[in-house]
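We count ligands from 1, going down the list as the structure has it; atoms in each ligand are counted the same way.
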Amino acid sequence: MAQTVGSGNTGEAVHADRSGSPSSAGRADLHTHTTHSDGALSPYELIRRAHGLGLAAVSITDHDNVAGLDDAIEWGKSLGIEVITGLELSVTLGDKDVHLLAYFIDHRNQDLLDYLTFFRRERLKRAERIVQKLNKINVPLTMDSVLEQAGVGSVGRPHIANALLDEGLIETYHQAFERYIGTGGPAFEKKYQLTPADAFRLITSAGGLSFLAHPGKYTNELELSTLIKNGLDGIEVIHPSHDEKLQEYYKGLVNQYFLLESGGSDFHGGKKNDDHTFGTYTIPMQIVEIMRSRLFT
Ligand code: AMP
Ligand code: FE
Ligand code: FE
Ligand code: ZN
């Protein structure tokens, strides 16, 4: 089913395609994950799949990591797909863990790279604390099996869920969150607490634009105005967790606050079973061009 998302800033109506691959030419997916965080595909495999789906542009937005971008850019060039540099950061807003997407960053910016190394180290320490908590409640998970899942990627709860599943300690991926590692669960541990203002500073100094990722049902207007005051550039309007009503709601806020809009599948692959999302949650290239033009203002 095709849904109308007006491109607001140009006054021209464009369409968000949620109907799958055949009409994905001239379209972009700006939210994907690779083996450099909690995704199942390497940058090469991801770009090859994007090519198969006929996408014009993709952004790789690994959590706390930009290490997959050079490979992706190179493969993108050879297959005729534009790779937009990206990154997903977690910030603390009140008592919530909110995700931000950065686009068009200089992924070689040394300050950015240093911070990302620090965030990944903090993730590793947090995974160790989670494993200790699990062991204390007689769930015999080892850190080695978590690290095996993570490979070169920044360690996250999805790796812990996969490790629990592979060790036969749970029956489904979601059980990991329901029983143990979800917010408030017996083995839950917070991530390093980054403020939105610090995250925006980091993204801006690396030349990028900041977007609120998948606000879903959980971001109210007060929280949004706090983010805007601190330097938010846009909102991810198209995302699998947004139904038509939420898309319209966030599109309305984008227009009201003169923000940019973005969208993507948040594709991870593997045990997350979200293969159907890739190439389905896309935005037209016109919207990417509007984002790009903001870089020069
Ligand atoms: P982390 O960045 O390590 O806190 O991991 C966050 C990721 O875990 C999210 O991006 C989701 O992919 C996944 N996640 C968080 N909560 C749940 C949940 N309740 N059920 C399934 N996956 C979840
Ligand atoms: Fe993820
Ligand atoms: Fe996210
Ligand atoms: Zn994501």
Side-chain angles (χ1 to χ4, degrees), residues 29-41 46 58-66 68-69 84 86-93 95-103 116 119-131 133-134 141 143 146-147 149-151 153-165 170-194 199 210-219 235-242 262-275 277-278 281:
D29 184 332
L30 299 191
H31 193 160
T32 68
H33 295 271
T34 74
T35 44
H36 290 277
S37 64
D38 52 357
L41 304 188
L46 188 106
V58 172
S59 183
I60 290 178
T61 50
D62 279 315
H63 304 277
D64 297 334
N65 207 348
V66 291
L69 290 173
I84 292 159
L87 171 69
E88 188 166 5
L89 292 176
S90 308
V91 297
T92 304
L93 189 60
D95 56 1
K96 285 183 194 167
D97 176 44
V98 167
H99 292 183
L100 298 178
L101 292 162
Y103 293 119
L116 296 181
F119 297 151
R120 290 197 299 274
R121 278 199 197 119
E122 290 297 315
R123 278 180 169 275
L124 195 61
K125 289 194 232 162
R126 170 203 189 215
E128 282 165 352
R129 294 198 301 272
I130 291 176
V131 168
K133 274 191 168 173
L134 285 168
L141 189 74
M143 194 58 200
V146 175
L147 293 177
Q149 294 289 338
S154 33
V155 190
R157 285 182 289 165
H159 298 122
I160 295 172
N162 284 339
L164 285 165
L165 195 57
I170 49 173
E171 283 98 50
T172 66
Y173 177 85
H174 285 281
Q175 261 178 20
F177 293 90
E178 286 156 13
R179 288 193 187 166
Y180 304 121
I181 58 175
T183 311
F188 175 73
E189 276 287 317
K190 280 186 177 158
K191 260 182 289 198
Y192 172 76
Q193 310 238 306
L194 178 67
S210 308
F211 282 70
L212 174 60
H214 47 71
K217 296 186 185 100
Y218 310 107
T219 311
I235 301 176
E236 185 176 50
V237 174
I238 303 295
H239 185 272
S241 67
H242 294 173
S262 73
S265 60
D266 206 353
F267 171 64
H268 285 71
K271 294 193 181 75
K272 213 173 175 192
N273 282 326
D274 61 351
D275 280 39
T277 62
F278 196 28
Y281 292 85

Using a strict 4.0 Å cut-off to heavy atoms of [X], name the atoms of ligand 1 that fall inside it.
X: Pro158; answer: 5 (O), 7 (C), 8 (O)
X: Lys272; answer: 12 (O)
X: Gly156; answer: 3 (O)
X: His174; answer: 20 (N), 21 (C)

Near the Fe ion (ligand 2), is there an N/O/S atom from His33 that is less than 2.8 Å away? no
Around atom CZ of Arg129, are there more than 12 heavy atoms of other residues, nucleotides or ligands at under 6.0 Å? yes
Would you indicate whether Lys190, at its atom NZ, is surrounded by more than 12 heavy atoms from other residues, nucleotides or ligands within a distance under 6.0 Å? no
Please check if a non-hydrogen protein atom sits closer than 4.0 Å to atom 9 (C) of ligand 1. no
Check His268 and report its N/O/S atom nearest to the Fe ion (ligand 2), by atom name. NE2
Atom name in Asp38, limited to N/O/S, at shortest distance from the Fe ion (ligand 2):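 Result for Asp38 and the Fe ion (ligand 2): OD2.
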Are the side chains of Leu147 and Leu124 in touch, meaning some heavy atoms are under 4.5 Å apart? yes
Tell me, do Leu89 and Phe119 make a side-chain contact under 4.5 Å, heavy atoms counted?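 Sidechains of Phe119 and Leu89: in contact.
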For ligand 1, does Arg123 get within less than 4.0 Å through its side chain, its backbone, both, or neither, judged by non-hydrogen atoms?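 Near ligand 1, Arg123 shows its side chain, while the N, CA, C and O stay back.
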Please lay out, stage by stage, how His239 and Ser241 fare under the test side chain to side chain donor-acceptor pair (under 3.5 Å). CA-CA 5 Å; His239 185 272; Ser241 67; 2.8 Å; yes
Please work out whether the ring planes of His31 and His214 are parallel, tilted or perpendicular, with thresholds of 30° and 60°. parallel
Determine the interplanar angle of the His99 and His63 rings, folded into 0 to 90°, and report it as parallel if under 30°, tilted if 30 to 60°, perpendicular if over 60°. perpendicular
Can you tell me how far apart OG1 (Thr183) and CG (Asp95) are? Round to the nearest 0.5 Å. 10.0 Å
Nitrogen or oxygen atoms of [X] and ligand 1 under 3.5 Å apart:
X: His63; result: no
X: Arg157; result: yes
X: Arg126; result: yes

Sub-2.8 Å protein N, O or S atoms surrounding the Zn ion (ligand 4): His31 NE2, His33 NE2, Glu88 OE1, Asp266 OD1
Start with the C-alpha distance between Glu88 and His33, add both sets of side-chain angles, then the distance that settles side chain to side chain donor-acceptor pair (under 3.5 Å), and finish with yes or no. CA-CA 9 Å; Glu88 188 166 5; His33 295 271; 3.0 Å; yes
If you apply the rule salt bridge (charged side-chain N to carboxylate O under 4.0 Å, His left out), what do you find for Lys125 with Glu128, and how did you get there? CA-CA 5 Å; Lys125 289 194 232 162; Glu128 282 165 352; over 6 Å; no
Identify, for atom 2 (O) of ligand 1, the protein heavy atom at the shortest distance, and state residue, atom and that distance.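 Atom 2 (O) of ligand 1 sits closest to the protein heavy atom Lys191 NZ, 2.7 Å.
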Top protein contact for atom 18 (C) of ligand 1, by heavy-atom distance: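 Scanning the protein heavy atoms, the shortest distance from atom 18 (C) of ligand 1 goes to Phe177 CG, 3.4 Å.
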Do you see a donor-acceptor pair shorter than 3.5 Å between the side chains of Asp29 and Ser265? yes
Do His36 and Thr34 get their side chains close enough for a donor-acceptor pair, meaning under 3.5 Å? no
Short side-chain to backbone donor-acceptor contact, Arg123 and Val155, under 3.5 Å: yes
